[in-house]
*Asks:* 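Please see the structure below; I have some questions.
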2 protein chains.
Amino acid sequence: MNIPKANATSKDVAKLAGVSQSTVSRVFLPGSSVSEKTKNKVFAAAKTLNYRPNAFARSLTTNESKLIGLVFPDTDYPLHMKTLQLISSELQKQGYSAVLIPWQVDDEALHSIPNIFQYRVDGVIAASATFNKSLYEECAEFNIPVVQFARVVEGTRSSHVVSDNYAAGQTAAKHFHNNGVKSAIYLTGDIPTFTNNERKAGFCSEFESLTNKQAHVVEASFDYTEALDKIRVVLSQVNRPDGVFCATDNIAMALMDVARLEFGLKIPDDLQVIGFDNIPQAEWLNYQLSTFNQDFKRLARESVKIIVDQISQNDSTLVKLMLPANFIERKTTR
Amino acid sequence: MNIPKANATSKDVAKLAGVSQSTVSRVFLPGSSVSEKTKNKVFAAAKTLNYRPNAFARSLTTNESKLIGLVFPDTDYPLHMKTLQLISSELQKQGYSAVLIPWQVDDEALHSIPNIFQYRVDGVIAASATFNKSLYEECAEFNIPVVQFARVVEGTRSSHVVSDNYAAGQTAAKHFHNNGVKSAIYLTGDIPTFTNNERKAGFCSEFESLTNKQAHVVEASFDYTEALDKIRVVLSQVNRPDGVFCATDNIAMALMDVARLEFGLKIPDDLQVIGFDNIPQAEWLNYQLSTFNQDFKRLARESVKIIVDQISQNDSTLVKLMLPANFIERKTTR
DNA sequence: CTGAAAGCGCTTACAG
DNA sequence: CTGAAAGCGCTTACAG
């Protein structure tokens, strides 16, 4: 076995196959007119030399990189990995690859962005809710389409694919009402996001219109440990709530732990809980949390579709999709 | 405000600044000799035109892409996101960007790899334990260095940075012995990995040499739900174990849930549990799991350092690092 | 269907 | 310190 040259070029392949370099190029371009015979010769030569077209050289002439920038969150939420997984493999199906744009909120933002734009990504998928707007401006400046995944940063104009958070909030309120909840609260984290606000608004307005009572909003934290103290305050109140809709499953679990372990409350008898996200822990024996499931697979597919369409058709139409989030009833509601 | 041209080139900048194109190029190359004066002229022009050097064109001449392929796991384990985060920002500090190589175990493997090699990544960091060897072979063929992060695929020759799993296993055994555990088992998942085997070996051999009793190994699943039944079998045994070292925190939590909720066992009184990974849930009120913490930050830093060194010095020395994993004692051990 | 040639936007010896 | 020119490995009109 002879060792193939580390990096064969189309020229090398051409020489070995006895054709011109442009012919080799055509062979690797889908839809070009090449005879079966030369095609086979070229493939054979390419195989011998272990040839792969150089994507950089291609980008230089075609002016598209087939690279999508992926802005991803800096938190450790159990779902994000799956998200990345889905987006990235969906991208691959369409012939694109994903370049990571890590986004640290507390970073000297100016540094990481320019870096990434040296690679001329064809588009950006943003799966982070908490980053600032400079990225959007930067993209606009370079005419790079961006689609927001499962969230929308306020004050930005871009396509997005999200779950219908408002409707989810309404559904939660209806369930509480049907299950006899008298005093409800919306327990949320400290960072306001658009999708979270939607959930809150849907929940509060629906609960009020149904019961004529106001659902209070309590701001704790998206971090389990940091949320604990606020939760203790809530459960110590004289008129303790008997129904809590939580902004995330994570918060819901903090609530359940404190309620059961420190206040000796029974769930759902003394307290009904609904979460949001359907993280893996939601179906654990100890939690069995009623929650909302987002269709991440479809969210991924749709956001990739949008970005690819915008790139290939050079169409800057803003697309905003809102997919239903399904209520999963488990054991924390009656 | 005038709209800057979407994609200014060094030529455009040169014209505006009144210098040659090569001078512009030098200005953006660290360590080139350019006078302060022309440097400023060029920077000004670049700013006006919103110029960014085109990384693809650069790659074409320098023959390095400043891109690192990142193979990441297909599971939803809570730690992986943090891992990605750390590696990717560490990479950024060194002037590299990360391209995602999603790895589906059940994929027509041949399809996704070649795709990625069209981008000529300078190196690969593999953070997935379960993928097959073709990637390694592919990398070898193209002379691309790879370093394995926190795991090692058996039968591959490549650098790696891992925690000292054997020592962790020993530590767990010592703790059990000191705490009076009489009957110990190692509870693991279904997919054998090198690091997991190390943990098991360290635990079993140490427990035996300490107590003269054998520690049994039970194979359940890395998936919470799938692990449940095997756990029920274990706890139903006549001589139920009083100490279980789990391959992951995830399994440990499945064990705790079943033990407490279905068998009414008290932890740590009736059963002592040690996990591995220190996932966020380990410090939740309901678990307070004693476990081992891997220094992911350092693992990330070291693996990036190795890959960058190998690239820049074109040095193919295999580096194998083994960092200590710290035992975090919480409430599931006495 | 195929080849020769120009060009994509850089870097890098080579002169000066 | 600076400029003119070659070259990196492709794609893409343009001829034939």
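Proteins come first, then strands; the chains are lettered A, B, ... in the order of their sequence lines, and each starts at number 1. As the structure is a computational prediction, the values presented were derived from the model and not from experiment.
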*Asks:* Just checking, is any N or O donor in the side chain of A:Q310 or A:S159 under 3.5 Å from an acceptor N or O on the other one?
*Replies:*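 Indeed, the side chains of A:Q310 and A:S159 share at least one donor-acceptor pair under 3.5 Å.
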
*Asks:* When the nearest nucleotide of DNA chain D is assigned to B:R26 and to B:N63 on a heavy-atom basis, which residue is associated with the more 5' position?
*Replies:*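 It is B:R26, whose closest nucleotide lies nearer the 5' terminus.
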
*Asks:* Side chains of B:S22 and B:S20: do they bring a donor and an acceptor to under 3.5 Å?
*Replies:*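 The criterion, which ignores hydrogens and geometry beyond distance, is satisfied for B:S20 and B:S22.
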
*Asks:* Identify the nucleotide, in any strand shown, that forms a Watson-Crick or G-U wobble pair with D:dA4, with both distances under 3.5 Å; if there is none, say none.
*Replies:*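 For D:dA4, the partner nucleotide comes out as none, under the 3.5 Å rule.
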
*Asks:* Check whether any side-chain nitrogen or oxygen of A:S35 sits under 4.0 Å from OP1 or OP2 of C:dT2, and answer yes or no.
*Replies:* yes

*Asks:* Look at the side-chain N and O atoms of A:Y51 and state whether any lies under 4.0 Å from the OP1 or OP2 oxygen of D:dC10.
*Replies:* yes

*Asks:* Is the shortest distance from a Lys or Arg side-chain nitrogen in A:E141 or B:R52 to a carboxylate oxygen in the other one below 4.0 Å?
*Replies:*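 No, A:E141 and B:R52 are not salt-bridged.
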
*Asks:* Does the side chain of A:S10 get closer than 4.0 angstrom to OP1 or OP2 of D:dC10 through an N or O atom?
*Replies:*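 Affirmative; the distance criterion is met.
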
*Asks:* Can you tell which of D:dG3, C:dC10, C:dA5 lies closest to the side chain of B:R58?
*Replies:* C:dC10

*Asks:* May I ask you to evaluate whether A:T38 reaches the phosphate of C:dT2, defined as a side-chain N or O under 4.0 Å from OP1 or OP2?
*Replies:* yes

*Asks:* Tell me which nucleotide, if any, is Watson-Crick or G-U wobble paired with D:dA13 when both distances must be under 3.5 Å.
*Replies:*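 WC or wobble partner does not exist here.
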
*Asks:* May I ask you to say what A:T23 touches in the nucleic acid, namely base, sugar-phosphate or nothing, with a heavy-atom cut-off under 4.0 Å?
*Replies:* sugar-phosphate

*Asks:* Donor-acceptor pair, distance only, cut-off 3.5 Å: does the side chain of A:D122 make one with the backbone of A:K66?
*Replies:*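 Flag set: sc A:D122 to bb A:K66 pair under 3.5 Å.
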
*Asks:* Identify whether any heavy atom of A:S25 sits under 4.0 Å from a base atom; if not, whether one sits that close to sugar-phosphate; answer base, sugar-phosphate or nothing.
*Replies:*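 Base, at least one base heavy atom under 4.0 Å.
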
*Asks:* Are any of A:T61's side-chain N or O atoms less than 4.0 Å away from OP1 or OP2 of D:dT11?
*Replies:* no

